[in-house]
Number of protein chains: 2
Amino acid sequence: MKVFLKNDSSVDFCPVRDVFDRIGDKWTVLVMITLDQGESPLRYHELQERIGDVSQKMLTATLKRLQEDGLISRQLYPEIPPRVEYALTARGESLLPHLYRLAEWASEHMRDVKKV
Amino acid sequence: MKVFLKNDSSVDFCPVRDVFDRIGDKWTVLVMITLDQGESPLRYHELQERIGDVSQKMLTATLKRLQEDGLISRQLYPEIPPRVEYALTARGESLLPHLYRLAEWASEHMRDVKKV
DNA sequence: CAAATAAGGTACGCATAAGTATCTTACGCA
DNA sequence: TGCGTAAGATACTTATGCGTACCTTATTTG
């Protein structure tokens, strides 16, 4: 299949890289998996606690981007203090099985690989 | 499944992130796909030409790491000038279907997402 | 004698990613 | 009056990824 590289050898069109550019950063998949494994919607501070070592700045940025990409939803309840609930969208959920399959592969193969 | 996050909320153990840390950089998946779509082994300069815009430094670094991780093999023929052939290993090939599935997902969903 | 050739190595610098620390808002409550 | 609370915003600093430019090696060929 030549769908993944242009014939002129340019690199602009490569779906795999599109995905990695979007979710290949330090926190995105972790946020998605945390949402998937939590009870339905999770609040901002719940996410922060479950992930543990994410900085507030990066969690905010990651959530904002995930929302812009339509992978999670953000529901604001304008109370005082405010309450915000995050949840996976259908599109976000449709990505997760692929991530889990990657995780399975990793569990089988990364042990030897990981001499970091 | 709680396999992906530790119960103490630490982030050290997450297979998905292990994979992304290893192959989530700018060139790794592209090299793997290029090898997969080329005729069996490819030489260094063939890779460089097919990928097009990868710098020599990054291609070298990427190949070295892929080799360290056992995802590609490197066969050196000590001629003058030297000849080196790179090919996917069985482990490398076992990862590719997962990448292609991610690519399919991307083709379906990233069009809307990508307003970069 | 000098150039070309294949596969790199190395030094330097910029741009971006990520971390840290401080500030904000609006209200209830002591 | 001022403190706590939830969800951020912002400025500043540090770390990392990547690119550019130049060097190297050993041999054949003009």
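To find a chain, count down the sequence lines: A is the first, B the second, and so on, and within it residues start at 1. Quick note: numbers below take in every heavy atom, side chains included, and nothing from hydrogens, waters or symmetry partners.
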Just N and O in the side chain of [X]: are any of them under 4.0 Å from OP1 or OP2 of [N]?
{"X": "A:Tyr86", "N": "D:dA6", "result": "no"}
{"X": "A:Arg43", "N": "D:dA7", "result": "yes"}
{"X": "B:Lys57", "N": "D:dC22", "result": "no"}
{"X": "B:Arg74", "N": "C:dG8", "result": "yes"}

>> I need the minimum non-hydrogen distance between B:Cys14 and A:Ile33, along with the two atoms involved.
In response: SG-CD1, 4.4 Å
>> Restricting to non-hydrogen atoms, name the atom on A:Ile23 and the atom on A:Val29 that form the minimum distance, rounded to 0.1 Å.
In response: O-CG1, 3.7 Å
Over how many whole Å does the gap from [X] atom [atom1] to [N] atom [atom2] extend?
{"X": "A:Glu79", "N": "D:dG8", "atom1": "CD", "atom2": "C1'", "answer": "16 Å"}
{"X": "A:Arg22", "N": "C:dA17", "atom1": "CZ", "atom2": "P", "answer": "12 Å"}
{"X": "B:Glu49", "N": "C:dA7", "atom1": "CD", "atom2": "C1'", "answer": "13 Å"}
{"X": "B:Asp25", "N": "C:dA18", "atom1": "CG", "atom2": "P", "answer": "14 Å"}
{"X": "B:Tyr44", "N": "D:dT25", "atom1": "OH", "atom2": "P", "answer": "18 Å"}
{"X": "B:Arg65", "N": "C:dG8", "atom1": "CZ", "atom2": "P", "answer": "18 Å"}
{"X": "B:Met58", "N": "D:dG17", "atom1": "CE", "atom2": "P", "answer": "8 Å"}
{"X": "A:Arg83", "N": "C:dC27", "atom1": "CZ", "atom2": "C1'", "answer": "16 Å"}

Side-chain touch [X]/[Y], heavy atoms, less than 4.5 angstrom:
{"X": "A:Trp105", "Y": "A:Met110", "value": "yes"}
{"X": "B:Lys26", "Y": "A:Arg17", "value": "yes"}
{"X": "B:Leu63", "Y": "B:Arg74", "value": "no"}
{"X": "A:Phe20", "Y": "B:Leu99", "value": "yes"}
{"X": "B:Asp36", "Y": "B:Tyr100", "value": "yes"}

Looking only at the side chain of [X] (C-beta and beyond, no hydrogens), which of the listed nucleotides [options] gets closest?
{"X": "B:Ser55", "options": "D:dG19, C:dA18, C:dA7", "answer": "D:dG19"}
{"X": "A:His45", "options": "C:dA18, C:dA7, D:dA6", "answer": "D:dA6"}
{"X": "B:Gln56", "options": "C:dA7, C:dT5, C:dT10", "answer": "C:dT10"}
{"X": "B:Ile80", "options": "C:dA7, D:dA26, D:dC22", "answer": "D:dA26"}

>> Go through it in stages, so that I can follow the logic: the residues are A:Arg65 and A:Thr28, the test is side chain to side chain contact (heavy atoms under 4.5 Å, CB included), and I'd like the CA-CA distance, side-chain angles, deciding distance and then a yes or no.
In response: CA-CA 9 Å; A:Arg65 176 139 200 201; A:Thr28 297; 5.9 Å; no
> Of A:Lys26 and B:Glu85, whose nearest nucleotide on DNA chain C comes first from the 5' end?
Replying inline: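 With A:Lys26 and B:Glu85 compared, the 5'-side residue is B:Glu85.
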> Between the base of C:dA6 and the side chain of B:Glu46, is there a donor-acceptor distance below 3.5 Å?
Replying inline: no
>> Angle between the end axes of the helix from C:dC1-D:dG30 to C:dA30-D:dT1, five pairs per end, to the nearest 10 degrees?
In response: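 The helix from C:dC1-D:dG30 to C:dA30-D:dT1 shows an end-to-end axis angle of 40°.
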